[in-house]
Amino acid sequence: IYPIRQSFFSFYRHMYLCYVDESGTSAIPGNTSHFVLAGLTIPIRKWNECERKIQTIKAKFQLSTAEIHTGWILRIYNEQNKVPDFETLSYSQRRTEVEKLRKIEILRHQRATNKGALKQLKKNYRQTEAYIHLTLSQRKDFVFEVAKQIGSWGFTRLFAECIDKVYFDPRRTPITIDAQAFEQLVSRLERYLSCEKKEPGKKDYGLLVHDNNDTIAKKHTELMKKFHQHGTFWTSVNHIIETPLFVNSELTSMIQLADVCAYSIRRYLENGEEELFNEIFKRADRKSGRAVGIRHFTDSSCSCKICQAHSNSSPCIPPR
C-alpha cells in the first residue's frame, strides 16, 4: 500500500492543470480585431488554495455563486442610470429596482415586431443578472481584485496566442486562426513542462481544461490526438496527458480566471487598457527574462508590451 500511496503523491506534486479560454472571435473579419486563446497553468497541489482565495473575493461582492464572465461584468447597465440615487441603495434594493425596469423593457419589446431585438435583450439580461446589484465602479473593482490575485501567484504560468486578424493571411497557412492558437498554446505548455523538473528523474505532466463548447471540443480533441501522434510543428508532446477536459465554466472558478486573462489581453491590444493586463501579464511564462509564454501575432513594427517582452521580430507563420 505504501509504495502505491507514495507514487500517487509523487505524481500529484508534478501535475499541472492548464485552464483555457478565449476572447474575441476567430471569424474573419468578425467583430473583434484580435483573437486571444489563453491558458492559465496551476499546479494541482495549489488548486484548493487558489479556489479559496477567489471565493473570498466573490463573497466580498456577493457573487459567491456567480460566474466571472468579464465582458458581461464590465458593460454599462443602462437601467442602473435610470434609478434615482442608485449608489445609496442597498444591494437588495438595487436588484429590485433594476429588475423592475428590465421587466418593463421586455414587455415593451414584446409588443414590438422585432423578435431578434427581444431575443438579444433577454440574453443581455440573463448574462448580467448576477451583477446588477453592483455599480460599474464596484464591478471594475471586483475584476481588478481577481486580476491582482492572479498576478500575485508566483507558482502560476500564463500562456497565450494573440492573433491580429489583419495580419493573418489564410492563403499562407493551411490552418485556421483558432487551430494556430491552440497549437501554439500546446507547444508552449509542453516546453514549460519539459523544463520544469524540480527533482531528478521526475517528470511533470499537464492536463488542458477547456470551457465547454461542442464545436471547439470536437476540433481541439482531434487536434490533440494528432499532436500526441505526430507532435506540433515545434515540439513533440510527451508531458500533456489525454485530450482536453471540457467543463462547464459556470461550475469551475479556475476556467473563469482564464476568461479574465484572455479578456484582459485582448482589451489591452485592441484598446490600450492596461490596468488588468499589467496584473495578469506578470504571470507570463518567462525564460532568461524573455516572455516566451505569450506572443502577439502581428506586424513586425508593433511596440506593445507583449512584443517588447517576447522580442517578436515578425509574425511567425509555419512553412507547412
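In this text the structure is predicted, and so the values were computed from the model without any measurement. Just so it is clear, the values below take in all heavy atoms, side chains as well, and ignore hydrogens, waters and symmetry mates.
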Note, [X] side chain near [Y] side chain (heavy atom, < 4.5 Å):
X	Y	value
T32	K165	yes
W234	E183	yes
Q256	I54	no
F142	E145	no
K219	F182	no
V260	L276	no
E79	E105	no
M15	I241	yes

Keeping [X] on the side-chain end and [Y] on the backbone end, is there a donor-acceptor pair under 3.5 Å?
X	Y	value
E190	H239	yes
D299	Y167	no
R295	I306	no
R283	R157	no
H228	E242	yes
D164	V166	yes
K225	T243	no
T221	K218	no

Is [X] salt-bridged to [Y], cutoff N-O under 4.0 Å?
X	Y	value
E274	K305	yes
K53	E49	yes
R126	E129	no
D285	R188	no

Looking only at non-hydrogen atoms, find the nearest pair between [X] and [Y] and report the distance.
X	Y	value
F168	T176	CZ-C, 3.9 Å
V20	I255	O-CD1, 3.8 Å
K203	N238	NZ-O, 3.2 Å
L74	L136	O-CD1, 3.9 Å
R139	L134	NE-O, 3.1 Å
S64	A59	OG-CA, 3.5 Å

R52 and N48: CA distance, side-chain angles, deciding distance, side-chain contact (heavy atoms from CB on, under 4.5 Å) verdict: CA-CA 6 Å; R52 285 200 311 269; N48 199 35; 3.2 Å; yes
Stepwise side-chain contact (heavy atoms from CB on, under 4.5 Å) check, W72 with K123: CA-CA 11 Å; W72 291 105; K123 178 183 178 181; 4.1 Å; yes
Under 4.5 Å side-chain linkage, directly or through intermediates, the cluster mates of V292: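 None, because no other hydrophobic side chain comes under 4.5 Å of this residue.
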Under 4.5 Å side-chain linkage, directly or through intermediates, the cluster mates of I216: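 Once heavy-atom contacts under 4.5 Å are chained together, I216 belongs with F246.
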Steps toward side-chain contact (heavy atoms from CB on, under 4.5 Å) verdict (T156, L158): CA-CA 7 Å; T156 64; L158 179 64; over 6 Å; no
Residue pairs involving residues 78-132 (criterion ring-ring contact (aromatic ring centres under 6.0 Å, His included); sequence neighbours excluded):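 Listed by first then second residue: Y91-H133.
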Pairs involving residues 256-287, ordered by first then second residue, that meet ring-ring contact (aromatic ring centres under 6.0 Å, His included) (sequence neighbours left out): Y268-F277, F277-F281
Shared hydrophobic cluster for L118 and L101 (ILVMFWY, side-chain gaps under 4.5 Å):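 Unlinked, L118 and L101 end up in two clusters.
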Shared hydrophobic cluster, I132 / L121 (ILVMFWY, side-chain heavy atoms < 4.5 Å): no
Within this structure, what is the [atom1]-[atom2] distance for the pair [X] and [Y], rounded to the nearest 0.5 Å?
X	Y	atom1	atom2	value
H34	E161	NE2	CD	10.5 Å
Q184	I294	CD	CD1	12.5 Å
K122	I106	NZ	CD1	6.0 Å
L189	Y16	CG	OH	10.5 Å
H210	H220	NE2	NE2	5.0 Å
L185	E22	CG	CD	11.5 Å

Within 45° cone and under 6.0 Å: R45 NZ/CZ vs F155 ring: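 Checked: cation-pi criterion not met.
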Quiz item: cation-pi between R102 and Y77, 6.0 Å / 45°: yes
Which residues share a salt bridge (Lys or Arg N to Asp or Glu O under 4.0 Å) with R94, sequence neighbours left out: none
Is [X] atom [atom1] crowded by more than 12 heavy atoms from other residues, nucleotides or ligands, each under 6.0 Å away?
X	atom1	result
L107	CG	yes
Q110	CD	yes
N248	CG	yes

Donor-acceptor pair between T135 and S137 side chains, under 3.5 angstrom: no
Listed partners of Y19 passing ring-ring contact (aromatic ring centres under 6.0 Å, His included), at least two apart: none
Derivation and outcome, side-chain contact (heavy atoms from CB on, under 4.5 Å), residues V186 and L223: CA-CA 10 Å; V186 168; L223 281 171; over 6 Å; no
